[in-house]
Chemist: 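Got a structure here, written out as C-alpha coordinates. Questions coming.
In what follows, chains carry the letters A, B, and so on, assigned in the order in which the sequence lines appear, proteins first and then strands, with residues in each chain numbered from 1.
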Protein chains: 2
Amino acid sequence: MGALVGDPVRAGMLAVLMDGSERAAGELARQAGASPQAASAHLSLLLDGGLLAVSARGRHRYYRLRDADVAHAIETLSFAANLAGRKTEHLAPALKHARRCYDHIAGALGVAICDSLILKGRVIAGSDGFAISAAGHEWLAKLDLSPPHAMRRAAVRPCLDWTEGRPHIAGWLGAALCERLQTACGLKRNSQNRALTLTPKGRALLGEYFGLEWRWREHA
Amino acid sequence: MGALVGDPVRAGMLAVLMDGSERAAGELARQAGASPQAASAHLSLLLDGGLLAVSARGRHRYYRLRDADVAHAIETLSFAANLAGRKTEHLAPALKHARRCYDHIAGALGVAICDSLILKGRVIAGSDGFAISAAGHEWLAKLDLSPPHAMRRAAVRPCLDWTEGRPHIAGWLGAALCERLQTACGLKRNSQNRALTLTPKGRALLGEYFGLEWRWREHA
DNA sequence: TCTTCGTTACAGGACATCCTGAAACATCAC
DNA sequence: GTGATGTTTCAGGATGTCCTGTAACGAAGA
(Lines give C-alpha, C1' and ligand atoms only; values in the text may rest on other atoms or scores of the structure.)
Protein backbone atom coordinates (compact mmCIF):
# COMPACT_ATOMS: atom_id res chain seq x y z
CA MET A 1 0.00 0.00 0.00
CA GLY A 2 2.78 2.41 0.87
CA ALA A 3 4.42 1.32 -2.35
CA LEU A 4 1.31 2.32 -4.30
CA VAL A 5 1.51 5.97 -3.32
CA GLY A 6 5.30 5.94 -3.17
CA ASP A 7 5.78 6.04 -6.92
CA PRO A 8 6.11 9.64 -8.14
CA VAL A 9 3.93 9.10 -11.21
CA ARG A 10 1.10 7.57 -9.21
CA ALA A 11 1.45 10.22 -6.53
CA GLY A 12 1.07 12.88 -9.19
CA MET A 13 -2.06 11.24 -10.54
CA LEU A 14 -3.60 11.01 -7.10
CA ALA A 15 -2.70 14.63 -6.39
CA VAL A 16 -4.53 15.70 -9.53
CA LEU A 17 -7.57 13.62 -8.64
CA MET A 18 -7.67 14.91 -5.07
CA ASP A 19 -10.00 17.69 -6.19
CA GLY A 20 -12.71 15.08 -6.65
CA SER A 21 -12.87 15.46 -10.40
CA GLU A 22 -12.69 12.62 -12.87
CA ARG A 23 -10.14 12.70 -15.63
CA ALA A 24 -9.46 10.71 -18.73
CA ALA A 25 -6.47 8.39 -18.77
CA GLY A 26 -4.65 10.45 -21.37
CA GLU A 27 -5.04 13.66 -19.43
CA LEU A 28 -3.69 12.02 -16.30
CA ALA A 29 -0.77 10.72 -18.31
CA ARG A 30 0.09 14.24 -19.46
CA GLN A 31 -0.29 15.77 -16.02
CA ALA A 32 1.89 13.13 -14.45
CA GLY A 33 4.45 13.31 -17.23
CA ALA A 34 4.24 9.71 -18.37
CA SER A 35 3.53 7.94 -21.64
CA PRO A 36 -0.03 6.69 -22.21
CA GLN A 37 1.04 3.07 -21.88
CA ALA A 38 2.88 3.64 -18.64
CA ALA A 39 0.00 5.66 -17.29
CA SER A 40 -2.43 2.92 -18.14
CA ALA A 41 -0.37 0.41 -16.20
CA HIS A 42 -0.20 2.70 -13.19
CA LEU A 43 -3.94 3.33 -13.31
CA SER A 44 -4.57 -0.39 -13.39
CA LEU A 45 -2.49 -0.80 -10.25
CA LEU A 46 -4.35 1.97 -8.47
CA LEU A 47 -7.64 0.44 -9.59
CA ASP A 48 -6.66 -2.99 -8.27
CA GLY A 49 -5.49 -1.34 -5.07
CA GLY A 50 -9.00 -0.03 -4.53
CA LEU A 51 -7.98 3.62 -4.63
CA LEU A 52 -9.66 4.54 -7.89
CA ALA A 53 -12.93 3.96 -9.66
CA VAL A 54 -13.43 4.15 -13.38
CA SER A 55 -16.33 4.82 -15.70
CA ALA A 56 -16.17 4.45 -19.47
CA ARG A 57 -17.94 7.01 -21.60
CA GLY A 58 -17.40 6.94 -25.31
CA ARG A 59 -13.83 6.18 -26.18
CA HIS A 60 -12.56 7.74 -22.95
CA ARG A 61 -12.17 6.08 -19.58
CA TYR A 62 -12.57 8.50 -16.74
CA TYR A 63 -10.77 7.77 -13.49
CA ARG A 64 -11.68 9.22 -10.11
CA LEU A 65 -10.96 8.56 -6.44
CA ARG A 66 -13.11 5.70 -5.25
CA ASP A 67 -14.83 7.64 -2.48
CA ALA A 68 -14.44 10.26 0.21
CA ASP A 69 -12.77 7.75 2.53
CA VAL A 70 -9.90 7.24 0.11
CA ALA A 71 -9.54 10.99 -0.27
CA HIS A 72 -9.46 11.39 3.49
CA ALA A 73 -6.80 8.71 3.78
CA ILE A 74 -4.62 10.37 1.17
CA GLU A 75 -4.99 13.78 2.80
CA THR A 76 -3.98 12.31 6.16
CA LEU A 77 -1.12 10.48 4.52
CA SER A 78 0.15 13.71 3.00
CA PHE A 79 0.06 15.27 6.41
CA ALA A 80 2.06 12.44 7.91
CA ALA A 81 4.62 12.51 5.12
CA ASN A 82 4.81 16.24 5.65
CA LEU A 83 5.50 15.79 9.35
CA ALA A 84 8.48 13.58 8.78
CA GLY A 85 9.67 14.89 5.48
CA ARG A 86 10.12 18.11 3.65
CA LYS A 87 8.56 21.49 3.95
CA THR A 88 5.82 22.98 1.84
CA GLU A 89 7.86 26.03 0.81
CA HIS A 90 7.98 25.04 -2.81
CA LEU A 91 4.22 24.80 -3.08
CA ALA A 92 2.20 27.24 -5.12
CA PRO A 93 0.81 29.81 -2.68
CA ALA A 94 -2.60 29.48 -4.32
CA LEU A 95 -2.76 25.87 -3.21
CA LYS A 96 -1.90 26.72 0.37
CA HIS A 97 -4.49 29.47 0.33
CA ALA A 98 -7.50 27.42 -0.75
CA ARG A 99 -7.95 24.19 -2.65
CA ARG A 100 -10.41 21.39 -3.11
CA CYS A 101 -9.91 18.30 -1.00
CA TYR A 102 -12.15 15.83 -2.83
CA ASP A 103 -15.43 17.71 -2.43
CA HIS A 104 -14.74 20.24 0.30
CA ILE A 105 -12.49 23.22 0.99
CA ALA A 106 -8.95 22.77 2.30
CA GLY A 107 -6.02 25.07 2.88
CA ALA A 108 -5.84 28.16 5.05
CA LEU A 109 -9.37 29.12 4.04
CA GLY A 110 -10.78 25.71 4.92
CA VAL A 111 -9.17 25.81 8.34
CA ALA A 112 -10.44 29.35 8.94
CA ILE A 113 -13.99 28.31 8.10
CA CYS A 114 -13.65 25.38 10.44
CA ASP A 115 -12.42 27.65 13.23
CA SER A 116 -15.33 30.02 12.68
CA LEU A 117 -17.93 27.25 12.83
CA ILE A 118 -16.51 25.97 16.09
CA LEU A 119 -16.08 29.43 17.59
CA LYS A 120 -19.71 30.28 16.89
CA GLY A 121 -20.84 26.97 18.36
CA ARG A 122 -22.31 25.66 15.13
CA VAL A 123 -20.00 22.69 15.11
CA ILE A 124 -18.93 20.91 18.29
CA ALA A 125 -15.39 19.56 18.37
CA GLY A 126 -15.33 16.45 20.54
CA SER A 127 -12.52 14.01 21.00
CA ASP A 128 -14.40 11.53 18.82
CA GLY A 129 -14.84 13.91 15.92
CA PHE A 130 -17.15 16.76 15.03
CA ALA A 131 -20.90 17.15 15.32
CA ILE A 132 -23.44 19.77 14.25
CA SER A 133 -25.00 21.55 17.24
CA ALA A 134 -28.63 22.59 17.57
CA ALA A 135 -27.59 26.14 16.80
CA GLY A 136 -25.75 24.81 13.81
CA HIS A 137 -28.85 23.11 12.47
CA GLU A 138 -30.79 26.33 12.93
CA TRP A 139 -28.14 28.25 11.05
CA LEU A 140 -28.13 25.69 8.26
CA ALA A 141 -31.90 25.87 7.93
CA LYS A 142 -31.67 29.62 7.49
CA LEU A 143 -29.21 29.04 4.68
CA ASP A 144 -31.55 26.46 3.17
CA LEU A 145 -28.86 23.85 3.65
CA SER A 146 -30.46 21.31 5.97
CA PRO A 147 -28.89 17.87 5.73
CA PRO A 148 -30.97 15.14 4.08
CA HIS A 149 -32.62 12.70 6.46
CA ALA A 150 -31.09 9.51 5.08
CA MET A 151 -27.40 9.96 4.58
CA ARG A 152 -24.67 7.43 4.11
CA ARG A 153 -21.74 9.65 4.88
CA ALA A 154 -21.08 11.46 8.13
CA ALA A 155 -22.78 14.83 8.46
CA VAL A 156 -19.54 16.52 9.44
CA ARG A 157 -16.06 15.19 9.97
CA PRO A 158 -12.64 16.69 10.64
CA CYS A 159 -10.10 16.18 7.92
CA LEU A 160 -6.46 16.81 8.77
CA ASP A 161 -5.22 19.58 6.50
CA TRP A 162 -1.73 18.65 5.38
CA THR A 163 -0.57 22.21 4.69
CA GLU A 164 -1.99 23.73 7.85
CA GLY A 165 -1.60 20.76 10.15
CA ARG A 166 -5.02 21.41 11.61
CA PRO A 167 -8.46 20.09 10.74
CA HIS A 168 -10.84 21.51 8.19
CA ILE A 169 -14.49 20.64 7.64
CA ALA A 170 -15.26 17.49 5.65
CA GLY A 171 -18.24 15.18 5.39
CA TRP A 172 -21.62 16.26 4.08
CA LEU A 173 -21.31 19.75 5.56
CA GLY A 174 -17.93 20.36 3.97
CA ALA A 175 -19.25 19.34 0.57
CA ALA A 176 -22.41 21.42 0.96
CA LEU A 177 -20.52 24.57 1.95
CA CYS A 178 -18.07 24.14 -0.88
CA GLU A 179 -20.83 23.64 -3.40
CA ARG A 180 -22.79 26.62 -2.10
CA LEU A 181 -19.82 28.94 -2.39
CA GLN A 182 -19.16 27.72 -5.89
CA THR A 183 -22.71 27.99 -7.20
CA ALA A 184 -22.87 31.48 -5.71
CA CYS A 185 -19.74 32.32 -7.72
CA GLY A 186 -17.76 32.98 -4.57
CA LEU A 187 -15.13 30.40 -5.46
CA LYS A 188 -13.75 29.53 -8.85
CA ARG A 189 -12.08 26.24 -9.58
CA ASN A 190 -8.85 26.04 -11.43
CA SER A 191 -9.10 23.37 -14.10
CA GLN A 192 -5.37 22.64 -13.99
CA ASN A 193 -4.80 22.04 -10.30
CA ARG A 194 -6.81 21.86 -7.11
CA ALA A 195 -6.58 25.56 -6.39
CA LEU A 196 -9.69 27.59 -5.59
CA THR A 197 -9.76 31.34 -6.23
CA LEU A 198 -11.77 33.61 -4.00
CA THR A 199 -13.82 36.21 -5.87
CA PRO A 200 -14.86 39.59 -4.40
CA LYS A 201 -18.31 38.13 -4.09
CA GLY A 202 -16.83 35.18 -2.24
CA ARG A 203 -15.11 37.53 0.16
CA ALA A 204 -18.48 39.12 0.93
CA LEU A 205 -20.08 35.70 1.42
CA LEU A 206 -17.38 34.71 3.89
CA GLY A 207 -18.37 37.69 6.00
CA GLU A 208 -22.06 36.94 5.65
CA TYR A 209 -21.85 33.24 6.40
CA PHE A 210 -18.95 32.96 8.80
CA GLY A 211 -18.22 36.49 9.99
CA LEU A 212 -14.79 36.21 8.44
CA GLU A 213 -12.72 39.22 7.47
CA TRP A 214 -10.59 37.25 5.09
CA ARG A 215 -7.20 38.69 4.41
CA TRP A 216 -4.59 36.16 3.54
CA ARG A 217 -0.88 36.59 3.27
CA GLU A 218 1.66 33.85 3.22
CA HIS A 219 3.58 33.84 6.46
CA ALA A 220 7.20 33.03 5.79
CA MET B 1 9.77 8.64 1.70
CA GLY B 2 6.74 6.45 1.09
CA ALA B 3 9.17 3.91 -0.28
CA LEU B 4 11.10 3.94 3.01
CA VAL B 5 8.19 2.71 5.07
CA GLY B 6 6.79 0.63 2.24
CA ASP B 7 9.32 -2.16 2.58
CA PRO B 8 8.02 -4.90 4.90
CA VAL B 9 11.34 -5.39 6.67
CA ARG B 10 11.73 -1.70 7.43
CA ALA B 11 8.09 -1.44 8.43
CA GLY B 12 8.64 -4.24 10.90
CA MET B 13 11.66 -2.51 12.38
CA LEU B 14 9.80 0.74 12.77
CA ALA B 15 6.86 -1.06 14.35
CA VAL B 16 9.18 -2.58 16.93
CA LEU B 17 10.78 0.78 17.67
CA MET B 18 7.44 2.55 17.96
CA ASP B 19 7.45 1.82 21.69
CA GLY B 20 10.24 4.37 22.06
CA SER B 21 12.83 1.81 23.08
CA GLU B 22 16.23 1.47 21.53
CA ARG B 23 17.33 -1.87 20.17
CA ALA B 24 20.55 -3.35 18.92
CA ALA B 25 20.91 -3.96 15.21
CA GLY B 26 20.99 -7.73 15.66
CA GLU B 27 17.83 -7.79 17.69
CA LEU B 28 16.02 -5.72 15.08
CA ALA B 29 17.26 -8.10 12.42
CA ARG B 30 15.76 -11.05 14.27
CA GLN B 31 12.47 -9.33 14.97
CA ALA B 32 12.08 -8.26 11.36
CA GLY B 33 13.16 -11.65 10.06
CA ALA B 34 16.18 -10.52 8.08
CA SER B 35 19.86 -11.40 7.99
CA PRO B 36 22.24 -9.12 9.89
CA GLN B 37 23.73 -7.76 6.68
CA ALA B 38 20.34 -6.99 5.14
CA ALA B 39 19.19 -5.41 8.37
CA SER B 40 22.27 -3.24 8.50
CA ALA B 41 21.54 -1.95 5.01
CA HIS B 42 17.94 -1.19 5.89
CA LEU B 43 18.96 0.59 9.07
CA SER B 44 21.40 2.73 7.11
CA LEU B 45 18.61 3.77 4.78
CA LEU B 46 16.32 4.67 7.66
CA LEU B 47 19.17 6.58 9.29
CA ASP B 48 19.86 8.54 6.11
CA GLY B 49 16.14 9.15 5.76
CA GLY B 50 16.18 10.90 9.12
CA LEU B 51 13.78 8.48 10.76
CA LEU B 52 16.24 6.86 13.14
CA ALA B 53 19.00 7.88 15.48
CA VAL B 54 21.81 5.63 16.63
CA SER B 55 24.11 5.47 19.59
CA ALA B 56 27.04 3.12 19.85
CA ARG B 57 27.75 1.52 23.19
CA GLY B 58 30.31 -1.18 23.36
CA ARG B 59 30.14 -3.49 20.42
CA HIS B 60 26.45 -2.84 19.96
CA ARG B 61 24.81 -0.07 18.01
CA TYR B 62 21.44 0.85 19.41
CA TYR B 63 18.85 2.29 17.04
CA ARG B 64 15.82 4.33 18.07
CA LEU B 65 13.28 6.63 16.48
CA ARG B 66 14.83 10.04 16.00
CA ASP B 67 12.26 11.92 18.05
CA ALA B 68 8.61 12.19 19.02
CA ASP B 69 7.80 13.95 15.76
CA VAL B 70 8.88 10.97 13.72
CA ALA B 71 6.84 8.68 15.96
CA HIS B 72 3.84 10.93 15.53
CA ALA B 73 4.25 10.89 11.76
CA ILE B 74 4.43 7.11 11.68
CA GLU B 75 1.39 6.75 13.91
CA THR B 76 -0.59 9.09 11.66
CA LEU B 77 0.67 7.24 8.62
CA SER B 78 -0.53 3.95 10.04
CA PHE B 79 -3.91 5.50 10.60
CA ALA B 80 -4.10 6.70 7.01
CA ALA B 81 -3.00 3.35 5.61
CA ASN B 82 -5.58 1.78 7.85
CA LEU B 83 -8.31 4.03 6.48
CA ALA B 84 -7.69 3.04 2.91
CA GLY B 85 -6.45 -0.47 3.40
CA ARG B 86 -7.18 -3.48 5.45
CA LYS B 87 -8.73 -4.02 8.80
CA THR B 88 -7.03 -4.54 12.13
CA GLU B 89 -8.78 -7.86 12.83
CA HIS B 90 -5.59 -9.86 12.66
CA LEU B 91 -3.93 -7.73 15.32
CA ALA B 92 -3.14 -9.12 18.74
CA PRO B 93 -5.93 -7.94 21.05
CA ALA B 94 -3.34 -6.92 23.62
CA LEU B 95 -2.01 -4.34 21.18
CA LYS B 96 -5.43 -2.90 20.52
CA HIS B 97 -6.07 -2.74 24.23
CA ALA B 98 -3.03 -0.73 25.29
CA ARG B 99 0.38 -0.17 23.81
CA ARG B 100 3.22 2.30 23.86
CA CYS B 101 3.29 4.88 21.11
CA TYR B 102 6.85 6.17 21.45
CA ASP B 103 6.61 7.40 25.04
CA HIS B 104 2.91 7.60 25.74
CA ILE B 105 -0.12 5.31 25.91
CA ALA B 106 -2.07 4.36 22.80
CA GLY B 107 -4.86 1.93 22.03
CA ALA B 108 -8.31 1.77 23.60
CA LEU B 109 -6.88 2.68 27.00
CA GLY B 110 -5.04 5.70 25.64
CA VAL B 111 -8.18 6.99 23.96
CA ALA B 112 -10.23 6.41 27.12
CA ILE B 113 -7.75 8.40 29.20
CA CYS B 114 -7.88 11.17 26.63
CA ASP B 115 -11.67 11.21 26.76
CA SER B 116 -11.62 11.39 30.54
CA LEU B 117 -9.20 14.31 30.63
CA ILE B 118 -11.35 16.27 28.20
CA LEU B 119 -14.62 15.34 29.90
CA LYS B 120 -13.30 16.56 33.25
CA GLY B 121 -12.06 19.78 31.68
CA ARG B 122 -8.40 19.11 32.44
CA VAL B 123 -7.50 19.22 28.80
CA ILE B 124 -9.17 21.55 26.33
CA ALA B 125 -9.70 20.23 22.82
CA GLY B 126 -9.52 23.13 20.40
CA SER B 127 -9.45 23.01 16.65
CA ASP B 128 -5.75 23.83 16.76
CA GLY B 129 -4.83 21.02 19.11
CA PHE B 130 -5.00 20.38 22.82
CA ALA B 131 -4.11 22.54 25.80
CA ILE B 132 -3.94 22.04 29.56
CA SER B 133 -6.61 24.06 31.38
CA ALA B 134 -6.18 25.86 34.70
CA ALA B 135 -8.05 23.03 36.39
CA GLY B 136 -5.73 20.65 34.65
CA HIS B 137 -2.65 22.36 36.02
CA GLU B 138 -4.18 22.24 39.49
CA TRP B 139 -4.86 18.53 39.11
CA LEU B 140 -1.34 17.91 37.86
CA ALA B 141 0.15 19.80 40.81
CA LYS B 142 -1.78 17.56 43.18
CA LEU B 143 -0.26 14.55 41.45
CA ASP B 144 3.17 16.15 41.70
CA LEU B 145 3.37 16.18 37.95
CA SER B 146 3.72 19.86 37.08
CA PRO B 147 5.34 20.45 33.71
CA PRO B 148 8.87 21.88 33.73
CA HIS B 149 9.13 25.58 32.95
CA ALA B 150 11.46 25.33 29.98
CA MET B 151 10.26 22.65 27.64
CA ARG B 152 11.11 22.00 24.02
CA ARG B 153 8.20 19.76 23.22
CA ALA B 154 4.54 20.64 23.37
CA ALA B 155 2.93 20.21 26.79
CA VAL B 156 0.08 18.18 25.34
CA ARG B 157 -0.77 17.16 21.82
CA PRO B 158 -3.34 14.92 20.17
CA CYS B 159 -1.94 11.90 18.39
CA LEU B 160 -4.24 10.07 16.00
CA ASP B 161 -4.61 6.51 17.27
CA TRP B 162 -4.48 4.21 14.29
CA THR B 163 -6.44 1.38 15.86
CA GLU B 164 -9.16 3.54 17.40
CA GLY B 165 -9.26 6.27 14.77
CA ARG B 166 -9.50 8.89 17.50
CA PRO B 167 -6.87 10.94 19.31
CA HIS B 168 -5.00 9.94 22.40
CA ILE B 169 -2.78 12.10 24.61
CA ALA B 170 0.78 12.76 23.44
CA GLY B 171 3.36 15.43 24.16
CA TRP B 172 4.89 15.97 27.56
CA LEU B 173 1.68 15.09 29.41
CA GLY B 174 1.29 11.79 27.57
CA ALA B 175 4.83 10.80 28.42
CA ALA B 176 4.47 11.87 32.06
CA LEU B 177 1.24 9.91 32.57
CA CYS B 178 2.70 6.85 30.92
CA GLU B 179 5.82 7.00 33.06
CA ARG B 180 3.83 7.57 36.23
CA LEU B 181 1.64 4.53 35.62
CA GLN B 182 4.68 2.43 34.92
CA THR B 183 6.74 3.48 37.91
CA ALA B 184 3.69 2.88 40.08
CA CYS B 185 3.55 -0.66 38.67
CA GLY B 186 0.18 -0.03 37.11
CA LEU B 187 1.38 -0.89 33.64
CA LYS B 188 3.88 -3.51 32.61
CA ARG B 189 5.75 -3.36 29.34
CA ASN B 190 6.07 -6.36 27.14
CA SER B 191 9.66 -6.67 26.01
CA GLN B 192 8.69 -8.41 22.77
CA ASN B 193 6.15 -6.00 21.34
CA ARG B 194 4.62 -2.67 22.16
CA ALA B 195 1.85 -4.10 24.32
CA LEU B 196 1.18 -2.76 27.81
CA THR B 197 -0.49 -4.94 30.42
CA LEU B 198 -2.74 -3.42 33.02
CA THR B 199 -2.14 -4.71 36.56
CA PRO B 200 -4.82 -4.77 39.28
CA LYS B 201 -2.98 -1.86 40.83
CA GLY B 202 -3.16 -0.09 37.50
CA ARG B 203 -6.89 -0.62 37.37
CA ALA B 204 -7.18 1.06 40.75
CA LEU B 205 -4.98 3.94 39.63
CA LEU B 206 -7.18 4.50 36.58
CA GLY B 207 -10.11 5.03 38.93
CA GLU B 208 -8.11 7.28 41.20
CA TYR B 209 -6.57 9.44 38.50
CA PHE B 210 -9.20 9.49 35.78
CA GLY B 211 -12.39 8.14 37.37
CA LEU B 212 -12.29 5.29 34.92
CA GLU B 213 -14.05 1.98 35.54
CA TRP B 214 -11.91 0.14 33.10
CA ARG B 215 -13.46 -2.97 31.66
CA TRP B 216 -12.29 -3.84 28.21
CA ARG B 217 -13.63 -6.36 25.81
CA GLU B 218 -12.91 -6.52 22.15
CA HIS B 219 -15.95 -5.48 20.22
CA ALA B 220 -16.33 -7.62 17.13
C1' DT C 1 -16.65 1.19 -44.47
C1' DC C 2 -12.46 3.20 -43.51
C1' DT C 3 -9.73 6.14 -40.80
C1' DT C 4 -8.51 8.32 -36.62
C1' DC C 5 -8.16 8.60 -31.80
C1' DG C 6 -8.07 6.99 -27.03
C1' DT C 7 -6.94 3.18 -24.43
C1' DT C 8 -5.22 -1.20 -23.13
C1' DA C 9 -2.36 -5.57 -23.57
C1' DC C 10 1.90 -7.82 -24.43
C1' DA C 11 6.67 -8.28 -25.60
C1' DG C 12 11.48 -6.46 -24.59
C1' DG C 13 15.29 -4.20 -22.18
C1' DA C 14 17.02 -0.84 -18.63
C1' DC C 15 17.27 -0.08 -14.04
C1' DA C 16 16.81 -0.29 -9.08
C1' DT C 17 16.07 -3.07 -5.09
C1' DC C 18 16.91 -6.77 -2.10
C1' DC C 19 19.19 -10.71 -0.54
C1' DT C 20 23.28 -13.79 0.26
C1' DG C 21 28.29 -14.81 0.93
C1' DA C 22 32.87 -13.39 2.14
C1' DA C 23 35.48 -10.39 4.62
C1' DA C 24 36.96 -6.42 7.45
C1' DC C 25 36.63 -3.87 11.76
C1' DA C 26 35.63 -3.08 16.56
C1' DT C 27 34.74 -4.60 21.14
C1' DC C 28 34.46 -7.90 24.79
C1' DA C 29 35.87 -12.27 27.34
C1' DC C 30 39.48 -15.20 28.57
C1' DG D 1 47.32 -11.75 22.89
C1' DT D 2 43.70 -14.84 21.18
C1' DG D 3 39.21 -16.01 20.11
C1' DA D 4 34.32 -14.94 19.98
C1' DT D 5 30.64 -11.78 19.09
C1' DG D 6 28.27 -7.78 17.00
C1' DT D 7 28.21 -4.87 13.13
C1' DT D 8 29.33 -3.03 8.80
C1' DT D 9 31.12 -3.12 4.00
C1' DC D 10 31.73 -4.99 -0.45
C1' DA D 11 30.87 -7.98 -4.41
C1' DG D 12 27.68 -11.00 -6.69
C1' DG D 13 23.30 -12.63 -8.33
C1' DA D 14 18.26 -12.96 -8.17
C1' DT D 15 14.12 -10.58 -8.36
C1' DG D 16 10.95 -6.95 -9.32
C1' DT D 17 9.70 -2.53 -11.07
C1' DC D 18 9.38 0.75 -14.64
C1' DC D 19 9.55 2.38 -19.19
C1' DT D 20 9.49 1.98 -24.35
C1' DG D 21 8.10 -0.36 -28.55
C1' DT D 22 4.48 -2.78 -31.09
C1' DA D 23 0.07 -4.31 -31.57
C1' DA D 24 -4.77 -4.99 -30.59
C1' DC D 25 -9.45 -3.38 -29.32
C1' DG D 26 -13.30 -0.16 -29.14
C1' DA D 27 -15.68 4.07 -30.31
C1' DA D 28 -16.28 8.30 -32.96
C1' DG D 29 -16.20 10.75 -37.36
C1' DA D 30 -16.00 11.08 -42.48
Chemist: Where the side chain of T199(B) meets the backbone of G186(B), is there a donor-acceptor pair that is under 3.5 Å apart?
Modeler: yes

Chemist: Assess whether a salt bridge exists between D161(A) and R99(A), defined as any Lys/Arg side-chain N lying under 4.0 Å from an Asp/Glu carboxylate O.
Modeler: yes

Chemist: Is the phosphate of dT8(D), meaning OP1 or OP2, less than 4.0 Å from a side-chain N or O of R61(B)?
Modeler: yes

Chemist: Taking the six-membered ring for Trp, is the centroid-to-centroid distance between H60(B) and Y62(B) below 6.0 Å?
Modeler: yes

Chemist: Under 4.0 Å, counting only non-hydrogen atoms across every strand here, what does Y63(A) touch: a base, just sugar-phosphate, or nothing?
Modeler: sugar-phosphate

Chemist: Just to verify, which of T197(B), I105(B), L205(B) counts as forming a side chain to side chain contact (heavy atoms under 4.5 Å, CB included) with L187(B)?
Modeler: I105(B)

Chemist: What string of B, S and - do you get for nucleotides 19-24 of chain D 5' to 3' if you count protein non-hydrogen atoms under 4.0 Å?
Modeler: SSBB--

Chemist: Taking CD from E27(B) and C1' from dT7(D), how many angstroms apart are they, rounded to a whole number?
Modeler: 15 Å

Chemist: If you look at every heavy atom in L17(A) and R23(A), which pair is closest and at what distance?
Modeler: CD2-CG, 3.6 Å

Chemist: Short question: side chain of S78(B), backbone of W162(B) - any donor-acceptor pair under 3.5 Å?
Modeler: no

Chemist: Any non-hydrogen side-chain atom of R189(A) less than 4.5 Å from a side-chain atom of D19(A)?
Modeler: yes

Chemist: Would you call D69(A) and R153(A) a salt bridge, taking side-chain N to carboxylate O under 4.0 Å as the test?
Modeler: no

Chemist: Return the value, rounded to whole Å, for the distance between atom CG of L52(B) and atom P of dT8(D).
Modeler: 11 Å

Chemist: Enumerate all atom pairs, one protein N or O and one N or O from nucleotides 24-30 of chain C, separated by less than 3.5 Å.
Modeler:
none

Chemist: Does a sphere of radius 6.0 Å around CD in E208(B) hold more than 12 heavy atoms from other residues, nucleotides or ligands, not counting ones at 6.0 Å or beyond?
Modeler: yes

Chemist: Provide, to the nearest angstrom, the distance between the CG atom belonging to L43(B) and the P atom belonging to dG6(D).
Modeler: 16 Å

Chemist: At a heavy-atom distance below 4.0 Å, what parts of residues 11-25 of chain A sit against DNA chain C?
Modeler: A24(A), A25(A)

Chemist: Within less than 4.0 Å of OP1 or OP2 of dT7(D), is there a side-chain N or O belonging to H60(B)?
Modeler: yes

Chemist: Counting N and O atoms only, with roles assigned by atom type, does the side chain of R194(A) sit under 3.5 Å from a partner on the main chain of R100(A), one being a donor and the other an acceptor?
Modeler: yes

Chemist: May I ask you to decide if S40(B)'s main-chain N or O and S44(B)'s side chain share a donor-acceptor pair within less than 3.5 Å?
Modeler: yes

